[in-house]
*Asks:* 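Got a structure for you, written out below as structure tokens; questions coming shortly.
Throughout, protein chains are lettered first and strands after them, A, B, ... in sequence-line order, and every chain is numbered starting at 1.
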Number of protein chains: 2
Amino acid sequence: MIQKPATIQDIARVAGVSPTTVSRVLTNPALVSERTREAVRHAIQSTGYRVNQAARNLRLQRANAVLVLVPNLGKPFYSGILAGISEGFAETDFSVLITDTETNPFHDSTLAENFLDGRIDGAVVLDGRLSASALDACTDVGAGERIVFLCEWIAGQDFPVITSDNAEGARLAIRHLHALGHRKIAHVTGPDGNVLTTARREAMLAERDRLDLPAPADWIIRGDFSVESGYAAAARIVAMDNRPTAVFCSADMVAFGLIAGLTEEGLRIPEDISVVGFDDIEMSGYSVPALTTIRQDRQQMGLRAAKVLLDRLGQKDRDETAETPVPVELIVRASTAPPPGA
Amino acid sequence: MIQKPATIQDIARVAGVSPTTVSRVLTNPALVSERTREAVRHAIQSTGYRVNQAARNLRLQRANAVLVLVPNLGKPFYSGILAGISEGFAETDFSVLITDTETNPFHDSTLAENFLDGRIDGAVVLDGRLSASALDACTDVGAGERIVFLCEWIAGQDFPVITSDNAEGARLAIRHLHALGHRKIAHVTGPDGNVLTTARREAMLAERDRLDLPAPADWIIRGDFSVESGYAAAARIVAMDNRPTAVFCSADMVAFGLIAGLTEEGLRIPEDISVVGFDDIEMSGYSVPALTTIRQDRQQMGLRAAKVLLDRLGQKDRDETAETPVPVELIVRASTAPPPGA
DNA sequence: GTCGATTATGAAATCGATTTCATGATTAGA
DNA sequence: TCTAATCATGAAATCGATTTCATAATCGAC
């Protein structure tokens, strides 16, 4: 037999006080005398009472929830980030909602609507393809201050963004290859228009220039962060007359695809071609060969995004300024070596 | 200047009707005459009004949200499943909350509390380690009918569970290896006590027996679905006097770790040892060598879990019976071949 | 012993929706 | 034309919390 959950009125009755007093015990116990406080606490214990969130949220005009907008939940890259975000909110009583912008055809208008619905208090956006109008809509409803970008961001917009030091990562990769003796370095990019693509590619180009290395146009191969695009890039590279001796990939998955493709064509990694990735996903230490890559601390990034958002929601002491990029690290493994004949 | 969001009272005023009528237009338009209906609709359009969820949920005594309990959000294995779940709820107006049971130290009691809080209407549980008492608590608050298990489950409990045909997967793997000529087949298991571990191991053992294959005890190597455990298993295998010619791994990640370890020890895959995985994650087609594995349609499983839960929440026509396991498929790639000397 | 300050408590309003019940207007049937 | 059914609408109660404002009780100071 299931009885309805106890309400604050029930507790008041059991404890012999008014609902007002019960509420005070819940939110500001100092206002209540020790005797009554204990009586109320006891009543709460014995009934297993819990505050009804809908009622509290309605009265307090808030949602007690945040939304995470993920471009494609299916991509393993996001799992570590989600873990970090989840961890960041675990100690608060915020609920964490998740939406896949790929699955949800209306995600664009959805964001502002979620604020308006009173469904969420804030949002962590991992998708750099959000339209400016969708963001304007959020600003219009007064939610502009409660949006934080993570990993990706939108050029020209002024939201806080937690991101890795993408440029430094690209530089580290190129310098590592250069130090090994490589002079012919190619790059498989991310998708066009993506801010990460740009950041990594531009830094890579700049560093290659700085080192006075050759820069034929076809050494910049368009990819999209997917393993398939890496595989496709392999065919392009094999077909080149002037073949690079090393390839910096915009993501580990791309590197794996590339290595698979090159291996199929009879090239050996790293003896014939060196490959560097970006991300350091779980697998990267155990691929064959183990992948040299740029580590992004994804969990840390998620955690920081959570902190920054909490800060903006007024839940956190203002310690988290968070505008400096999260440091990256070069992890040298077995997929890079001096070029052939060096 | 940010004005407060419009309420149903505002709409009523603008349209010159009572809030009652506005509410009816929203939820049961047939009750309202065409003229007023249009007037109300117009008022809603022009103000950008949206229903306040907290108010509606309070009145309707529901949460309009479901919780997904994930053992470890950081594991890429779950990303596809989450995508499926998210997709399954995308067309409804349920919010999808996600909690990582690893991060959240109190997840055990949390589940029932979330129901009691009125925070969720239902839950999808991916963690087979939930305590019986936690589940009993849910049943006590009348939520027992609104919990669905996915992938894992809890032995002896009677909740609906969406799962792959794990036993069939194990059989397919063993039969494939047997057909290639392998007679010495080892297995790296999942973690102790896990229902998936048991299902796969027992089916593997039964099939091996059925085929009259040898079964030395040390060919069953304890793992935990992680890449590290696969790597560790490699050392064990290399050290064996009577070495198997093929290994069936309880997860693709385990297989990758195993391949990495065996390769380091100078063994060639598949020439010296064949390896079969389980899951068919995104990478598996592009590892070196490409992994022969058992495909689980993770997105499909998530989608089905969502449907079954929606059904139980009374949102869906009762079409989704969902007790038959989701089919698995053998994907033959390059990591398996006839045994040496065959 | 009296007065102002402090402390402890409760009655009632409020948040924004939904729904019951009542009422007036309209239509159909005889 | 009169009655009964149907239709369209609104007033007010309700969901379960929080908070303002008022009041009663206690305290310390003079």
Side-chain angles (χ1 to χ4, degrees), chain A residues 3-41 43-44 47-65 93 113-119 121 141, chain B residues 3-41 43-44 47-65 93 113-119 121 141:
Chain A
Q3 73 260 9
K4 289 177 58 175
T7 74
I8 202 170
Q9 332 281 343
D10 298 330
I11 303 305
R13 200 173 318 116
V14 171
V17 298
S18 73
T20 311
T21 301
V22 178
S23 176
R24 280 199 268 257
V25 172
L26 257 26
T27 57
N28 196 350
L31 290 179
V32 178
S33 75
E34 177 144 2
R35 275 175 53 91
T36 37
R37 199 190 312 152
E38 282 316 313
V40 170
R41 290 235 167 94
I44 291 177
T47 50
Y49 166 76
R50 302 223 88 216
V51 175
N52 179 306
Q53 289 297 313
R56 171 178 275 181
N57 290 342
L58 172 59
R59 179 62 228 239
L60 262 34
Q61 298 282 74
R62 57 156 198 195
N64 217 20
D93 72 336
E113 287 176 358
N114 273 308
F115 278 107
L116 224 37
D117 281 356
R119 232 188 261 263
D121 299 313
V141 301
Chain B
Q3 73 259 10
K4 289 177 60 174
T7 73
I8 201 171
Q9 332 281 343
D10 298 329
I11 303 305
R13 201 173 316 118
V14 171
V17 297
S18 73
T20 311
T21 302
V22 178
S23 176
R24 279 197 269 255
V25 171
L26 257 27
T27 58
N28 197 350
L31 291 179
V32 177
S33 75
E34 177 145 0
R35 274 175 53 91
T36 37
R37 198 191 310 151
E38 282 316 310
V40 170
R41 290 237 168 92
I44 291 176
T47 51
Y49 166 77
R50 303 223 89 217
V51 175
N52 179 306
Q53 289 297 313
R56 171 178 274 180
N57 290 343
L58 171 61
R59 178 65 228 236
L60 262 34
Q61 298 283 76
R62 56 153 199 199
N64 217 19
D93 70 335
E113 287 176 359
N114 273 308
F115 278 108
L116 223 36
D117 281 355
R119 232 188 261 263
D121 299 312
V141 301

*Asks:* Rounding to a whole Å, what distance do you find between R56(A):CZ and dC15(D):C1'?
*Replies:* 16 Å
*Asks:* Between dC15(D), dT18(D), dA17(C), which nucleotide gets closest to the side-chain atoms of L58(B)?
*Replies:* dC15(D)
*Asks:* Closest heavy-atom contact between Y49(B) and T7(B)?
*Replies:* CE1-C, 3.5 Å
*Asks:* Rounded to the nearest Å, what distance is computed from the CG atom of residue N64(B) to the C1' atom of nucleotide dC15(D)?
*Replies:* 16 Å
*Asks:* So what does R50(B) hit on the nucleic acid, given a heavy-atom distance under 4.0 Å: a base, only sugar-phosphate, or nothing?
*Replies:* sugar-phosphate
*Asks:* Report yes if a donor N or O on one partner sits less than 3.5 Å from an acceptor N or O on the other, where the partners are the side chain of R59(A) and the base of dT14(C); otherwise report no.
*Replies:* yes
*Asks:* Minimum heavy-atom separation for V141(B) and F115(B), please, with both atom names.
*Replies:* CG2-CB, 4.1 Å
*Asks:* Whole-Å distance between dC15(D) C1' and Q53(A) CD?
*Replies:* 15 Å
*Asks:* Which heavy atom of P19(B) sits nearest a heavy atom of I8(B), and at what distance?
*Replies:* O-CD1, 3.8 Å
*Asks:* D10(B) CG to dA17(C) C1': how many Å, rounded?
*Replies:* 13 Å
*Asks:* Can you identify which nucleotide, out of dT19(D), dA17(D), dC15(C), has its nearest atom closest to the Q9(A) side chain?
*Replies:* dA17(D)
*Asks:* Does A54(B) offer a backbone N or O that forms a donor-acceptor pair with the side chain of N57(B) under 3.5 Å?
*Replies:* no
*Asks:* Is it true that a side-chain atom of D121(B) and a backbone atom of A65(B) form a donor plus acceptor pair closer than 3.5 Å?
*Replies:* yes
*Asks:* Quickly work out the E34(A) CD to dT7(C) C1' distance and round it to whole Å.
*Replies:* 15 Å
*Asks:* What is the distance, rounded to the nearest whole Å, between atom CD of Q61(A) and atom P of dA17(D)?
*Replies:* 17 Å
*Asks:* Taking L116(A)'s backbone N and O only, do any of them form a donor-acceptor pair with R50(B)'s side chain (distance below 3.5 Å, no angle check)?
*Replies:* no
*Asks:* Roughly what angle, to 10°, lies between the helix axis at the start of the helix from dG1(C)-dC30(D) to dA30(C)-dT1(D) and the one at its end, five pairs per end?
*Replies:* 40°
*Asks:* Between C1' on dT9(D) and CZ on R37(B), what's the gap in Å once rounded to a whole number?
*Replies:* 14 Å
*Asks:* Verify, without hydrogens or angle tests, whether T47(A) (side chain) and A43(A) (backbone) share a donor-acceptor contact under 3.5 angstrom.
*Replies:* yes
*Asks:* Please determine, by modelled atom types, if S23(A) and T20(A) share a side-chain donor-acceptor pair under 3.5 angstrom.
*Replies:* no
*Asks:* I need the minimum non-hydrogen distance between V25(B) and P29(B), along with the two atoms involved.
*Replies:* O-CG, 3.3 Å
*Asks:* Output yes when at least one side-chain N/O atom of T7(A) is less than 4.0 Å from OP1 or OP2 of dC15(D), else no.
*Replies:* no
*Asks:* Can you check the I8(A) CD1 to dA12(C) C1' distance for me, whole Å?
*Replies:* 15 Å
*Asks:* Closest heavy-atom contact between G118(A) and A63(A)?
*Replies:* O-CB, 3.1 Å
*Asks:* Distance-only, no hydrogens or angles: does the T21(A) side chain make a donor-acceptor pair with backbone N or O of V17(A) under 3.5 Å?
*Replies:* no
*Asks:* Could you write out each protein N or O paired with an N or O of nucleotides 4-6 of chain C at a distance under 3.5 Å?
*Replies:*
none

*Asks:* Please list, in numerical order, the residues of residues 17-33 of chain A that have a heavy atom closer than 4.0 Å to any atom of DNA chain D.
*Replies:* T20(A), S23(A), T27(A)
*Asks:* For a quick test of reading the model, state the closest non-hydrogen atom pair linking A12(A) to S18(A) and the distance between them.
*Replies:* CB-C, 3.6 Å
